[in-house]
Amino acid sequence: MFPMPVEKWKPLPRRAYKLSLPVALLIWLLPMIAVLVTSVRSSEELSEGNYWGWPKHFALVDNYREALTTSPMLHYFWNSVQITLPAVAGAIALAAMAGFALAIYRFPGNSTLFATFVAGNFVPIQVLMIPVRDLSLKLGLYNSVGGLILFHLSFQTGFCALFLRNFIKQLPFELVEAARIEGANEWSVFFRIVLPLIRPALAALAILVFTFVWNDYFWALCLTQGDDAAPITVGVAALKGQWTTAWNLVSAGSILAALPSVAMFFAMQKHFVAGLTFGATKG
């Protein structure tokens, strides 16, 4: 029923698996390695056509300094921080309350509401591009940090509620009943019983949503114009010139844009793994 552990495979398939795994990993990492190497390559080498060879001269400091100074990269970075942090905090807070209500309370329409959260995650985002843009224009939220925060908050809450509802549903309901018998109100049950128990799930969800919002390019391009509210993903595209493109600067900007999400993942890796395996075993 379940996949057999690799140690129990026959010698030939096990050897083939161990040989193919490093090759597959190298193929998967090749684009990222290429971007990293290009980010330290000098412009002269790119002009000569040295795209894939090992750099003859490393221009690490020059490329990254130019990427930060030729465009308002720090301004884009600050916009991303202003957009991502409130959106992540707000989505998780709303989703935790929604997930608590869907998992604990039995009321008419519970299943329908939960099905709506599930169905919303299957809607292609491209279908919503024109309605969302028109709505942001009518509400005066177009090309504003607040508009992007509200948009991400709305779209991420559905996924987060689905995620947390399933985790809360796995908690023993006897804990909630015992707290109610002791006189705890619903807010006390939520804050003192449920939230501490799903802390690993909250940490894992925070990493996922942070990555989704920080790396968003499609909606940032649709809902912004100019540099006022553009996040860093749009700022990297601004490094492209009108006639020629300095790919070493674009690569350096891409590395700078990816650093926060990568750093957050490694900083909270233990919580992320614990959150994904939360509730996988009983006892």
Side-chain angles (χ1 to χ4, degrees), residues 73-103 116-118 120-123 125 128 132 135-136 139 141-168 190-191 194-224 228-236 254-279:
M73 188 64 68
L74 295 178
H75 173 70
Y76 297 137
F77 185 89
W78 176 240
N79 284 344
S80 290
V81 172
Q82 288 181 301
I83 294 167
T84 304
L85 296 184
V88 172
I92 292 178
L94 292 175
M97 291 185 285
F100 175 75
L102 291 172
T116 304
F117 280 113
V118 175
N121 289 283
F122 293 97
V123 177
I125 60 174
L128 304 173
V132 170
L135 182 63
S136 65
L139 297 177
L141 298 173
Y142 182 75
N143 196 33
S144 66
V145 171
L148 283 172
I149 293 174
L150 184 62
F151 167 79
H152 287 298
L153 183 64
S154 303
F155 273 71
Q156 297 299 332
T157 300
F159 167 74
C160 295
L162 170 64
F163 189 90
L164 292 177
R165 181 262 184 191
N166 294 332
F167 279 100
I168 297 174
F190 176 68
F191 283 108
V194 175
L195 284 187
L197 291 175
I198 64 169
R199 189 177 302 170
L202 294 174
L205 189 61
I207 297 173
L208 289 175
V209 178
F210 182 92
T211 304
F212 294 158
V213 177
W214 184 273
N215 293 334
D216 172 70
Y217 177 72
F218 180 80
W219 290 111
L221 193 63
C222 293
L223 300 179
T224 61
D228 293 338
I232 196 169
T233 49
V234 176
V236 172
S254 301
I255 297 296
L256 292 173
L259 281 179
S261 55
V262 174
M264 183 176 181
F265 174 79
F266 282 106
M268 303 184 67
Q269 186 176 10
K270 293 182 179 179
H271 301 285
F272 182 75
V273 175
L276 293 182
T277 57
F278 177 76

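From a predicted model like this one, the values you see are computed outputs, not experimental measurements. We're numbering straight along the sequence, starting at 1.
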Practice item. Determine the minimum heavy-atom distance between A229 and I83, stating which atoms define it. Key: O-CD1, 4.0 Å
Revision key, fill the gap. Taken to the nearest 0.5 Å, the spacing of L141 CG from L135 CG works out to 7.5 Å
**Study point:** Non-hydrogen atoms of A87 and H152 that approach each other most closely
**Key:** CB-CB, 3.9 Å
**Study point:** Exam field: side chain S80 to backbone W214, donor-acceptor pair closer than 3.5 Å
**Key:** no
Check your understanding: What residues form a side chain to side chain donor-acceptor pair (under 3.5 Å) with N79, not counting sequence neighbours?
Key -> H75
Exercise for review: Could you tell me how the ring of W219 sits relative to the ring of F151: parallel (under 30°), tilted (30 to 60°) or perpendicular (over 60°)?
Suggested key: tilted
**Study point:** Spacing of Y142 atom OH and T224 atom OG1 [to the nearest 0.5 Å]
**Key:** 6.5 Å
Study note, to complete from the structure: Closest heavy-atom pair, N215 versus S261, reported as atoms and distance to 0.1 Å, is OD1-OG, 4.0 Å
Review point. Which heavy-atom pair separates Q82 from I149 by the least distance, and what is that distance?
Key: O-CD1, 3.3 Å
**Study point:** Atom pair CG (L195) and CD1 (I168), whose distance is rounded to the nearest 0.5 Å
**Key:** 7.5 Å
Review point. How far apart are the closest heavy atoms of R165 and A103, and which atoms are they?
Key: O-CB, 3.8 Å
Check your understanding: Which pair of non-hydrogen atoms, one from L164 and one from I92, has the smallest distance, and what is that distance?
Key -> CD1-O, 4.2 Å
Point to revise | Validation row: F167, L205 side chains within 4.5 angstrom (heavy atoms) | key: no
Review point. Could you give the distance from CZ (F155) to CD1 (I125), rounded to the nearest 0.5 Å?
Key: 8.5 Å
Check your understanding: Nearest 0.5 Å, what's the CG-CD distance between N121 and Q156?
Key -> 9.0 Å
Review point. Do Y76 and V234 have side chains that get closer than 4.5 Å, going by heavy atoms?
Key: no
Review point. When rounded to the nearest 0.5 angstrom, what distance separates CG in L148 from CG in N143?
Key: 8.5 Å
